[in-house]
Amino acid sequence: MDGKLSCRVADAVDYKGFPADKSKTGGWIPAALILGIEICERLSTMGIAVNLVTYMSGVMHLPSAASANIVTDFMGTCFLLSLLGGFLADSFLGRYYTILISASIQTLGTAALAITTKLPQLRPPPCDGTKTCKEANGFQMGILYLTLYLIALGTGGLKSSISGFGTDQFDEKDEKETTKMAFFFNRFFFFISTGTLMAVTVLVYIQDEVGRSWAYGICSVSMFVAILLFLSGTKRYRYKKSMGSPVIHILQVISAAIKNRKLELPHNVALLYEDSSEHATRIQHTKQFQFLDKAAIVAEGDSAQNPWKLSSVTRVEEVKMVARLLPVWATTILFWTIYAQMITFSVVQASTMERTIGSFQIPAGSLTVFFVAAILITLGVYDRLIMPLWKKWKGKQGFTNIQRMAIGLVLSILGMAAAAVAERKRLAVAKAVGDNTATLPVTVFLLIPQFFLVGSGEAFIYTGQLDFFITNSPKGMKTMSTGLFLSTLSLGFFISSFLVLVVKRVTGNDGQGWLADNINYGRLDCFYGLLTISSVINFVAFLVCVNRYIPQEGKDSQKNHNLAEEKC
């Protein structure tokens, strides 16, 4: 009997709703099927994003700044909708059905985009050789937006649930499976990078040389195949019961605290309400954010059955844990604003430069291959070289999550500084040969340093952020940790769009200024310089927030994290 119980996963069920058997469910095979969906999602989303700016400016005839903002708004919406996907997964659908429905939506979206880019009625006529080209009309842009945001809806649902459903396939209480889960996160990021690499090389080449409709059609078909493979693993998956949306739990605590705002806190914290059924996962009371403690005051007429009026100390402390993360969360957003430049203005820069190797012309969007290569090289060097050396020197297996975030921010600063220097060189050549020259006699490889530095920075900050939010978020708010991480990406893209609008308004909103319609007439180097200075200020703020965070909660959680890494 004990042997049978040891083969069961305590908090997971199989597809029939019975306790999950370790020998028949979970593990690497189901996780691999889930990662197949992730590869196809990356292939579609990044394959569209990295080359969308050239479609907007070259086919739809929009100004460079407007084209860049369409890309950043699209990417920002993808990550923002992940919060909606997480809410639906936690409250109604569960992760399995959220992934299935979202993947189907993205399949339809990419198929619709393939049709949209094929029909000549849905794009303006080609330029007739004059300087003025007819821009896409409202109807044409409306159809394009509809397909893009249908894809964004599917992407958001997938991002909210894939990593969580993948980790559900491993038992956190089993030391061997916990080790496999740690490797799953590494494989997860590797699969993201692999999908992106395929997108910026093969898919972008097909878009430019064969046709965009063919490329987007491939995305749709590949996702359809991934869905079939995903369905084939239905009987092998482990399903964990949702604990409800963490967003609802947070709102309940805030609501109860506001209701009791006029009440005095008791001198003895033992008088605050605590649900006895939560004993196994009880969190000790802390003195920070004492206003929230009022949510646990038992007022006359209050009932434990109504969480909007009375919350337990454990639930209040969970909200406090999330609140403590917010300063560090806020100071990592600007990295993704810099990242946004790599798939927008950097691609526009590349389109004006010499891109031929012999008789082969590199697509402008494919320059981001150096960005992806930097990520893969950095991960390889970190795993094979830095981690072993760091363990010998410090006795720890690699950098802490905070150290990785700090390294990522520093590399992004250096990347933006390199981008500003490269743009000054490009502008100098443009002035020398004439601003109207279609292809400037300067090699596109001048842009490699900015792609490489920011790409290496992403390798550190992506894994650092995900690890930081997961290990420091409440156990009962697992999806909140993913939501906090993905929201930094979303806000980073939206801040990029906002900065572009502000800079255009301040420096010239008539097609001139820093972000001119033709970047040969603008001062993109000044825009990059602004981002560099802003990033330095942001990094100082990050250090302040981290130093304030660690003494309060970080020591214990970091200690536990390091122990987990030692076990791995």
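Residue numbers run from 1 in the order of the sequence given.
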Quick one, Met405 with Phe460, criterion side-chain contact (heavy atoms from CB on, under 4.5 Å). Give me CA distance, side-chain angles, the key distance, then yes/no. CA-CA 6 Å; Met405 288 190 287; Phe460 281 108; over 6 Å; no
Contact check, side chains of [X] and [Y], non-hydrogen atoms, under 4.5 Å:
X: Phe451; Y: Val372; result: no
X: Tyr55; Y: Thr117; result: yes
X: Phe468; Y: Thr400; result: no
X: Val444; Y: Leu447; result: yes
X: Val71; Y: Met56; result: no
X: Val433; Y: Pro441; result: yes
X: Ser222; Y: Leu43; result: yes
X: Leu427; Y: Arg523; result: yes

Treating [X] as the side-chain partner and [Y] as the backbone partner, does any N or O pair qualify as donor plus acceptor under 3.5 Å?
X: Thr110; Y: Thr107; answer: yes
X: Ser64; Y: Ala516; answer: yes
X: His61; Y: Lys134; answer: yes
X: Thr463; Y: Ala459; answer: yes
X: Ser366; Y: Ile362; answer: no
X: Gln106; Y: Ala103; answer: no
X: Trp514; Y: Val503; answer: no
X: Ser220; Y: Gly217; answer: no
X: Ser102; Y: Ile99; answer: no
X: Gln140; Y: Arg123; answer: yes

Take Cys219 and Cys40 through the disulfide bond (SG atoms under 2.5 Å apart) test and state the conclusion after the steps. CA-CA 7 Å; Cys219 291; Cys40 294; over 6 Å; no
Please report the shortest heavy-atom distance between [X] and [Y], naming the atom on each side.
X: Thr337; Y: Gly492; answer: OG1-O, 2.8 Å
X: Arg42; Y: Thr196; answer: CD-OG1, 3.7 Å
X: Asp208; Y: Ala364; answer: OD2-N, 4.4 Å
X: Ile206; Y: Ile218; answer: CD1-CD1, 3.7 Å
X: Ser497; Y: Asp73; answer: OG-OD1, 2.7 Å
X: Ser232; Y: Leu33; answer: OG-CD1, 4.1 Å

Any side-chain donor paired with an acceptor under 3.5 Å for [X] and [Y]?
X: Thr234; Y: Tyr96; result: yes
X: Trp336; Y: Ser490; result: no
X: Thr356; Y: Glu354; result: yes
X: Glu423; Y: Gln349; result: yes
X: Ser456; Y: Thr378; result: yes
X: Gln465; Y: Thr332; result: yes
X: Thr54; Y: Asn51; result: yes

How about [atom1] on [X], more than 12 heavy atoms from neighbouring residues, nucleotides or ligands closer than 6.0 Å, or not?
X: Phe360; atom1: CZ; answer: yes
X: Arg355; atom1: CZ; answer: yes
X: Phe224; atom1: CZ; answer: no
X: Met60; atom1: CE; answer: yes

Check: [X] ring centroid to [Y] ring centroid under 6.0 Å:
X: Phe493; Y: Phe74; value: no
X: Phe345; Y: Tyr528; value: no
X: Tyr339; Y: Tyr462; value: no

Roughly how far, to the nearest 0.5 Å, is [atom2] of [Y] from [atom1] of [X]?
X: Leu148; Y: Leu144; atom1: CG; atom2: CG; value: 4.5 Å
X: Glu458; Y: Ile461; atom1: CD; atom2: CD1; value: 9.5 Å
X: Arg384; Y: Leu389; atom1: CZ; atom2: CG; value: 13.5 Å
X: Leu530; Y: Leu499; atom1: CG; atom2: CG; value: 6.5 Å
X: Ser535; Y: Leu411; atom1: OG; atom2: CG; value: 12.0 Å
X: Leu52; Y: Leu113; atom1: CG; atom2: CG; value: 8.0 Å

Decide side-chain contact (heavy atoms from CB on, under 4.5 Å) for Leu81 and Thr155; before the verdict, give the C-alpha distance in whole Å, the side-chain angles of both, and the deciding distance to 0.1 Å. CA-CA 8 Å; Leu81 287 173; Thr155 300; over 6 Å; no
Should Leu158 and Ile162 be marked as a side-chain contact (heavy atoms from CB on, under 4.5 Å) after you check the CA-CA gap, both sets of side-chain angles, and the distance that decides it? CA-CA 6 Å; Leu158 291 174; Ile162 283 183; 4.0 Å; yes
Identified ring-ring contact (aromatic ring centres under 6.0 Å, His included) partner of Tyr237 from the options Tyr97, Phe230, Phe170: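 Per the ring-ring contact (aromatic ring centres under 6.0 Å, His included) rule, the option paired with Tyr237 is Phe230, out of Tyr97, Phe230, Phe170.
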Using a strict cut-off of less than 4.0 Å between a Lys/Arg side-chain nitrogen and an Asp/Glu carboxylate oxygen, indicate whether Arg426 and Asp525 qualify as a salt bridge.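 The answer is no: the pair does not qualify as a salt bridge.
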Would you call the rings of Phe539 and Phe542 parallel, tilted or perpendicular, where under 30° means parallel and over 60° means perpendicular?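 Judged by the thresholds at 30° and 60°, the geometry between Phe539 and Phe542 is parallel.
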Run the numbers on Gln169 and Ile29 for side-chain contact (heavy atoms from CB on, under 4.5 Å), then give the verdict. CA-CA 9 Å; Gln169 307 314 308; Ile29 293 178; over 6 Å; no
